[in-house]
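Data first, discussion second: the structure below is written as structure tokens.
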Amino acid sequence: MFKFQTPKIDNDFSQLTGDSLQQAWRGEAKQQRWRRTYWSLAIIILIIMIGGLLVIGWPSFQRNLSNWSAWIKDKTGQTVDNLQQWQLNNERSIIEGNILK
């Protein structure tokens, strides 16, 4: 399996004196540049992957969305019909005087 090795920056800052503080700052700046480069690369790869998934999955998503919208229309129509039937039954029971049955 391919294993990606990041470049290792060996900066031992344990033996620093006041004179070598600038060297420590340079080493830290170098490490910060590498971290920024890796984060940028990771974000670019992530954007490419998400974009590819969207391109591949868009037709399926669009088809499923139309199926869902048709299902919702059917359910709302059934709900309206059920409410109208319930209202008619209540009106009929009131007219017939069977309110408490």
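As the structure is a prediction and not an experimental result, all values here were calculated from the model.
Looking at residues two or more places apart in sequence or on another chain, you find a side chain to side chain contact (heavy atoms under 4.5 Å, CB included) between Ile50 and Leu46, Leu54. Evaluation of the side chain to side chain contact (heavy atoms under 4.5 Å, CB included) rule for Glu91 yields Gln87, Leu88 as partners, not counting sequence neighbours. Every residue two or more places apart in sequence or in another chain that forms a side chain to side chain contact (heavy atoms under 4.5 Å, CB included) with Trp58 is listed here: Phe61, Gln62.
Among pairs with a residue in residues 52-68, none fulfils salt bridge (Lys or Arg N to Asp or Glu O under 4.0 Å), at least two apart in sequence or across chains. Among residue pairs with one or both ends in residues 71-86, those qualifying as side chain to side chain donor-acceptor pair (under 3.5 Å) are Gln85-Asn89; sequence neighbours excluded. Contacts classified as salt bridge (Lys or Arg N to Asp or Glu O under 4.0 Å) and involving residues 33-47 (residues at least two apart or in different chains) are given here: Glu28-Arg35.
Taken to the nearest 0.5 Å, the CD1 atom of Ile45 stands 4.0 Å off from the CG atom of Leu41.
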